[in-house]
Amino acid sequence: MPELPEVETIRRIIEPQLAGQTILHVTINNPQIVAYPEAEAFEKLLTGQMVKGISRRGKFLTVHFESGDRMTLHLRMTGQLLVTPSDYPVEKHTHLVAELSGGRQIRYVDVRRFGRFWYLKACEPDIVTGREQLGLEPLDDALTADYLKIRLGGRRKAIKEMLHDQSIVAGIGNIYSDEVLFAAGIYPGTKCDALSDADWQCLAIKISTIILWGIETNQTTPEEYLAGKGKEYRNTPVLRVYGRAGRPCTTCGQTIEKATIGGRTSCYCPNCQRNPL
DNA sequence: CTAGCTTCCTGATAGC
DNA sequence: TGCTATCAGGAAGCTA
């Protein structure tokens, strides 16, 4: 499941391959991946557009065109945005193919079909669900202990759940919430209203450092990404807690535990992240 | 505002 | 071997 660091990696890989390219023809094999407008209108609008660049906001990618129009997409759990040679083998679950002027193709592959595309004309405001209410980027200087405390301090929900709320901080999912909380030494089930000023301070710092670390360690090459390695997490070997239940903590050696918090599997070190209850 | 549940999907895996 | 059940998860939508 791509989270901010993986989405940013994809952006960096894809952007240089798309910039300056014109979309000659679009085929949508599965209309449900198009959230707005209708799939047929989407195909027509996309055809003939020249790519200017790609930006990222939270886990959303936006392809900007010379016309001022833009196409936003969210990969959700299993989406893959690929730029391939036109004769590259077509994977199962390929839902969109766009022919490019340079002879290559953009392909969208998504096993679970949860990913979504939106096409917005230059004159249209952002209507992408959730996008207009996205919270701060993890690397934004405005993401401070005060910001977190004001937005979350009074909440009785577990901090792990609130880190997934895209309207507070954009881009964190199940992997990085576990990693951030481990780095901050906070038990994932801790209720927000039980966190101290020192905890908020620590969280603000760790959110940015862990996300930055995620981007920097995610050194996937375009070749590896195309070969399908983009769906495995290149940085899995360096994760400290996520997916490591039953194995020793890299800091203290205690066994990493697994618990369901807010309906999500959470991994944590019972020694480094004490449950305050 | 809260907790808790369901929906969307397929593939991997566990149990029989 | 082949069947069924369970689980994984981002985000929205629903109920109470």
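The chains referred to below are lettered A, B, ... by the order of the sequence lines, with proteins before strands, and numbering in each begins at 1. These numbers were taken from a predicted model, which means no experiment stands behind them.
- For the residue pair A/K206 and A/A183, the shortest heavy atom distance occurs at CE-O, 3.4 Å.
- Taking side-chain N and O atoms only, A/R264 has a distance below 4.0 Å to OP1 or OP2 of C/dG10.
- The interatomic distance linking A/E161 (CD) with B/dC5 (P) rounds to 12 Å, in whole Å.
- In this structure, A/H93 reaches the B/dG11 phosphate: one of its side-chain N or O atoms is under 4.0 Å from OP1 or OP2.
- Minimum atom distance to the side chain of A/V111 is reached by B/dG11, of the listed C/dG9, B/dG11, B/dC1.
- As a whole-Å value, the separation of A/L163 CG from C/dA11 C1' is 16 Å.
- Side-chain proximity of A/K157 to the nucleotides B/dC8, C/dG10, B/dA3 is greatest for B/dA3.
- The distance between atom CG of A/D110 and atom P of C/dG9, rounded to the nearest whole Å, is 16 Å.
- The structure places CG of A/L143 at 11.0 Å from CZ of A/R151, a figure rounded to the nearest 0.5 Å.
- In this structure, CZ of A/R116 is placed 8 Å from C1' of B/dC8, rounded to the nearest angstrom.
- For A/Q166 and C/dA11, the shortest distance from a side-chain N or O to OP1 or OP2 is below 4.0 Å.
- With its ring centre under 5.5 Å from that of the base six-membered ring and a plane angle below 30°, A/F114 counts as stacked on C/dG10.
- The nucleotide whose nearest atom lies closest to any side-chain atom of A/K92 is, among B/dG11, C/dA11, C/dA8, B/dG11.
- Atoms CZ (A/R155) and C1' (B/dC1) sit 8 Å apart, rounded to a whole Å.
- Note on A/H74: a side-chain N or O is less than 4.0 Å away from OP1 or OP2 of C/dA11.
- The separation between A/M77 atom CE and C/dA12 atom P is 15 Å, rounded to whole Å.
- Distance from the side chain of A/R113 is smallest to B/dC9 among B/dC9, C/dG10, B/dG11.
- The shortest distance between side-chain heavy atoms of A/F42 and A/F117 falls below 4.5 Å.
- Here A/T265 reaches the OP1 or OP2 of C/dG9: one of its side-chain N or O atoms lies under 4.0 Å away.
- Note: CD (A/E91) to P (B/dG11) measures 12 Å, nearest angstrom.
- A/N174 contributes atom CG, which lies 10.5 Å from atom CD of A/E179 (distance to the nearest 0.5 angstrom).
- The base of C/dG10 is not paired with the side chain of A/R112 by any donor and acceptor separated by under 3.5 Å.
- Residue A/Y242 places none of its side-chain N or O atoms closer than 4.0 Å to OP1 or OP2 of C/dA8.
- Computed from coordinates, the A/M162 CE to B/dC1 P distance equals 10 Å when rounded to whole Å.
- Two rings, from A/F182 and A/Y268, have their centers 6.0 Å or more apart.
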